[in-house]
Colleague: 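Dumping the structure here so I can ask a few things about it.
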Amino acid sequence: MPPDPHGGDLFAGERWVEPLGPGAALLGGFALDRADALIAQIHALSAVSPFRHMETRSGRMSAALTNCGAMGWVSDRSGYRYTPHDPLTGAPWPALPPLFARLAAEAAAALDFADFRPAACLVNRYAPGARLGLHQDRDEGDRIAPIVSVSLGLPATFLWGGLERGARVRRIPVRHGDVVVWGGPSRMVFHGVAPLRHGHHPATGGFRYNLTFRKPG
Ligand code: MD6
Ligand code: FE
């Protein structure tokens, strides 16, 4: 839990850890010190590979998505896969900014996942109402390496389930600068994002951004 939900600026710079399971935790405030720089990078890379709403077998995703890194996650009516090129521009995805790589490695190391070098970074943009249904990240060959998920801007509710779809789901508040890491025995946990509520955030206006780092393997 945050040190004090009413603390405001008194606790700026605080970090805290909320364990979620073996190999999984919420790292509260972990990315707060570099949040502005992360958001500036998101604007720069989305000027090259724009946000778009991808189709899936079950419909259009409500969150807009782009990628950076050697491989990008894409979805269409035929399914999910990783590609080295952005299908929208035909060009390679923008390179993983060093700031992103460093943050992902540091967050993974906080849970004892050494030398995490993600090849893929999904960048999601949630507008009010956007959501992500309960799912497993199962398109990666490497199913031990952690997922590192960074929240920026408007707060959201991260849904944290179990290894089976029917397991009890915990509702975890994720705020600007929070990082969730899940790997090892928790790598295949079902997770999602509850519909984003309207709001205004000084750093992102009416949006929540999420960076999801992965090793496609
Ligand atoms: C989040 N995103 O936005 C977590 N998974 O907090 C995901 O878990 C995710 O955005 C698969 C594909 C796209 C995603
Ligand atoms: Fe996911």
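Order of listing sets the numbers, starting from 1, for every ligand and every atom in it. Below, all heavy atoms of this structure are taken into account, side chains as well, without hydrogens, waters or symmetry copies. Worth saying up front: this structure is predicted, and the values here are computed from it rather than measured.
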Colleague: Tabulate distances under 3.5 Å between N/O atoms of ligand 1 and N/O atoms of the protein, writing both atom names on each line.
Modeller:
residue: ligand 1; atom: 3 (O); partner: Y126; partner atom: OH; Å: 2.6
residue: ligand 1; atom: 3 (O); partner: R208; partner atom: NH1; Å: 3.2
residue: ligand 1; atom: 3 (O); partner: N210; partner atom: OD1; Å: 3.2
residue: ligand 1; atom: 5 (N); partner: H135; partner atom: NE2; Å: 2.9
residue: ligand 1; atom: 5 (N); partner: D137; partner atom: OD1; Å: 3.3
residue: ligand 1; atom: 5 (N); partner: R214; partner atom: NH2; Å: 3.1
residue: ligand 1; atom: 6 (O); partner: R208; partner atom: NH1; Å: 3.3
residue: ligand 1; atom: 6 (O); partner: R208; partner atom: NH2; Å: 3.0
residue: ligand 1; atom: 6 (O); partner: N210; partner atom: ND2; Å: 3.2
residue: ligand 1; atom: 8 (O); partner: H135; partner atom: NE2; Å: 3.3
residue: ligand 1; atom: 8 (O); partner: H191; partner atom: NE2; Å: 3.0
residue: ligand 1; atom: 10 (O); partner: N124; partner atom: OD1; Å: 2.5
residue: ligand 1; atom: 10 (O); partner: N124; partner atom: ND2; Å: 3.3

Colleague: Can you name the N/O/S atom of H135 that is nearest the Fe ion (ligand 2)?
Modeller: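 Result: NE2.
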Colleague: Applying the side-chain hydrogen bond (donor to acceptor under 3.5 Å, both in side chains) test to W73, which of T83, D139, N67, T66 qualifies?
Modeller: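 Result: among T83, D139, N67, T66, D139 is the only option passing the side-chain hydrogen bond (donor to acceptor under 3.5 Å, both in side chains) with W73.
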Colleague: What class does the angle between the rings of W182 and F158 fall in, given that below 30° is parallel, 30 to 60° is tilted and above 60° is perpendicular?
Modeller: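 Ring orientation, 0 to 90° scale: tilted.
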Colleague: Do side-chain atoms of H191 reach the backbone of W160 as a donor and acceptor pair under 3.5 angstrom?
Modeller: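 Judged by distance alone, no pair lies under 3.5 Å.
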Colleague: Checking side-chain polar atoms at under 3.5 Å, does D178 have a donor or acceptor matched by the opposite partner on S151?
Modeller: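 No, because no side-chain N or O of D178 sits under 3.5 Å from a partner of the opposite role on S151.
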Colleague: So F213 and F100, would you call those rings parallel, tilted or perpendicular, with 30° and 60° as cut-offs?
Modeller: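 The rings of F213 and F100 stand perpendicular, inter-plane angle above 60°.
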Colleague: Over 60° means perpendicular and under 30° means parallel, so classify the ring planes of H201 and H176, tilted if in between.
Modeller: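 H176 vs H201 ring planes: tilted.
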Colleague: Answer yes or no: are there more than 12 heavy-atom neighbours, outside R197 itself, under 6.0 Å from its atom CZ?
Modeller: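 Atom CZ in R197 is not crowded, with 12 or fewer foreign heavy atoms closer than 6.0 Å.
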Colleague: Nearest 10°: the angle subtended at the Fe ion (ligand 2) by D137 OD1 and H191 NE2?
Modeller: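 OD1 of D137 and NE2 of H191 make an angle of 90° at the Fe ion (ligand 2), to the nearest 10°.
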